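Keep in mind that what you see is a predicted model, and the values were worked out from it rather than measured.
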Amino acid sequence: MHLDVQDLRNFYYRNALGRAAQASVRARLLEFWPEAKGQTVAGFGFAVPFLRPYLSDARRVIALMPAPQGVMNWPSGLPNVSVLCEETLWPIETGHIDRLVVVHGLETSERPSQLLEECWRVLGPGGKVVFIIPNRAGLWSRSDRTPFGYGRPYTLGQLEAQLRKHSFLPERQSAALYQIPSTRRFWLKAAPLFEKAGARLPTLIAGGAFLVEASKRVQPPSGTVMKEARRRPLPGLAPKPETSPV
């Protein structure tokens, strides 16, 4: 079940814990994709807090928001790029997206397999996608004070297995949200220290969310190509028999 867009907006833009979460996840995403010059970048779910760095140099930015969640105008003060869409039927032509960010989309979807198929469809040759998913073993998935506490959290192995099943090739992994999901002043002040320490830990040691970058895998044609050799010349090209003079 998708969260309401108003709740997501209030968390990320009007809540101190949400702003800290936005900074943590965005920093990890920028490690994967520092820029997107001349590329088409799309986000699905509620990806707008993490798409802003690409507005200046990307060829185009599209924020896809599923109908059960609702849509909001974004970005503020600039032409709107938000689009309300069906969860598994996006208004994008096949193969037109270079970079895709999925956050608060997969774990809350009632049709995750069809959603992954739609992600695969819209990616172009060489296209990449980053899935930002709550970590089943992390503290954030156990708290309903944040959007990461809703839906079905994954382990890293479960997510990668799901991606391979749908023709994606996982390439890089990272983690974010090492801070405590609390609005208390002490934990908010300590958040940068937790994030800095957590960045040095292995990915499997529990951040609140995983970031997995995957590329679109295109299967080669199956079967064996057989070439049939034609040893006899075509009838029209066969030499005419010689005739003896009368």
Side-chain angles (χ1 to χ4, degrees), residues 24-66 74-75 78-79 81-83 85-107 109 111-133 154-176 199 203 207 209-225:
S24 174
V25 175
R26 183 190 288 180
R28 297 293 178 267
L29 180 61
L30 288 174
E31 290 176 1
F32 285 170
W33 302 340
E35 50 84 25
K37 187 174 182 179
Q39 296 179 327
T40 299
V41 180
F44 175 79
F46 194 76
V48 291
F50 316 111
L51 296 180
R52 181 169 286 277
Y54 306 114
L55 285 172
S56 60
D57 59 355
R59 178 175 59 185
R60 188 178 184 187
V61 174
I62 307 169
L64 299 163
M65 299 191 183
W74 185 86
L78 294 172
V81 300
S82 295
V83 179
C85 67
E86 292 293 335
E87 186 181 60
T88 59
L89 186 62
W90 301 352
I92 297 176
E93 295 184 14
T94 298
H96 272 53
I97 300 300
D98 300 303
R99 297 288 185 266
L100 175 63
V101 179
V102 178
V103 55
H104 302 312
L106 182 62
E107 74 274 13
S109 173
R111 296 174 288 175
S113 291
Q114 292 91 327
L115 176 57
L116 288 173
E117 290 172 0
E118 190 69 356
C119 293
W120 189 93
R121 181 188 69 81
V122 301
L123 283 177
K128 294 183 183 294
V129 55
V130 167
F131 294 92
I132 303 171
I133 303 293
Y154 288 77
T155 66
L156 183 59
Q158 289 171 339
L159 178 58
E160 290 186 343
Q162 188 81 333
L163 296 180
R164 289 191 179 96
K165 182 180 177 182
H166 291 84
S167 298
F168 287 101
L169 181 63
E171 295 183 349
R172 290 187 288 178
Q173 305 83 27
S174 185
T203 302
F210 288 127
L211 289 82
V212 176
E213 181 191 44
S215 59
K216 179 177 181 176
R217 184 172 60 186
V218 179
Q219 299 289 352
S222 59
T224 305
V225 178

Let me have the donor-acceptor pairs involving side chains of residues 35-45, under 3.5 Å, with sequence neighbours excluded, atom names and distances please.
residue, atom, partner, partner atom, Å
E35, OE1, K37, N, 2.7
T40, OG1, R59, NE, 3.3
T40, OG1, R59, NH2, 3.0

Original post:
Of the non-hydrogen atoms in V103 and A47, which two are nearest, and what is the gap between them?
Top reply: CG1-CA, 3.3 Å
Original post:
Can you name the nearest heavy-atom pair linking W120 to S167, along with the distance?
Top reply: NE1-O, 3.2 Å
Mind checking the [atom1]-[atom2] spacing from [X] to [Y]? Nearest 0.5 Å is all I need.
{"X": "L116", "Y": "F168", "atom1": "CG", "atom2": "CZ", "value": "6.0 Å"}
{"X": "L106", "Y": "Q162", "atom1": "CG", "atom2": "CD", "value": "7.0 Å"}
{"X": "R99", "Y": "L123", "atom1": "CZ", "atom2": "CG", "value": "9.5 Å"}
{"X": "L64", "Y": "E87", "atom1": "CG", "atom2": "CD", "value": "12.0 Å"}
{"X": "C119", "Y": "F131", "atom1": "SG", "atom2": "CZ", "value": "4.5 Å"}
{"X": "F32", "Y": "Q173", "atom1": "CZ", "atom2": "CD", "value": "7.0 Å"}

**OP:** State which residues pass side chain to side chain contact (heavy atoms under 4.5 Å, CB included) with A176; sequence neighbours excluded, sorted by chain then number.
**Re:** S24, V25, R28, L211
Original post:
In chain order, what residues pass the side chain to side chain contact (heavy atoms under 4.5 Å, CB included) check against Q158, with sequence neighbours excluded?
Top reply: R136, Y154, T155
**OP:** Determine which pairs satisfy salt bridge (Lys or Arg N to Asp or Glu O under 4.0 Å) with at least one residue from residues 113-122, sequence neighbours left out, and list them in order.
**Re:** E118-R121
With [X] via side chain to side chain donor-acceptor pair (under 3.5 Å) - residues at least two apart:
{"X": "R60", "value": "none"}
{"X": "K216", "value": "none"}
{"X": "R111", "value": "none"}
{"X": "T88", "value": "none"}

**OP:** May I have the step-by-step check of side chain to side chain contact (heavy atoms under 4.5 Å, CB included) for V83 and I92, ending in yes or no?
**Re:** CA-CA 11 Å; V83 179; I92 297 176; over 6 Å; no
**OP:** Output, in order, the C-alpha distance, side-chain angles, deciding distance and verdict of side chain to side chain contact (heavy atoms under 4.5 Å, CB included) for V212 and I133.
**Re:** CA-CA 8 Å; V212 176; I133 303 293; over 6 Å; no
Only distances under 3.5 Å count here; give the side-chain donor-acceptor pairs of residues 48-56 to other protein atoms, sequence neighbours excluded, each with its distance to 0.1 Å.
residue, atom, partner, partner atom, Å
Y54, OH, W33, O, 2.8

Subject >> Side chain to side chain, W90 and I97, heavy atoms closer than 4.5 Å >> reply: no
Original post:
Just wondering, more than 12 heavy atoms not from Q114 lying within 6.0 Å of its CD?
Top reply: yes
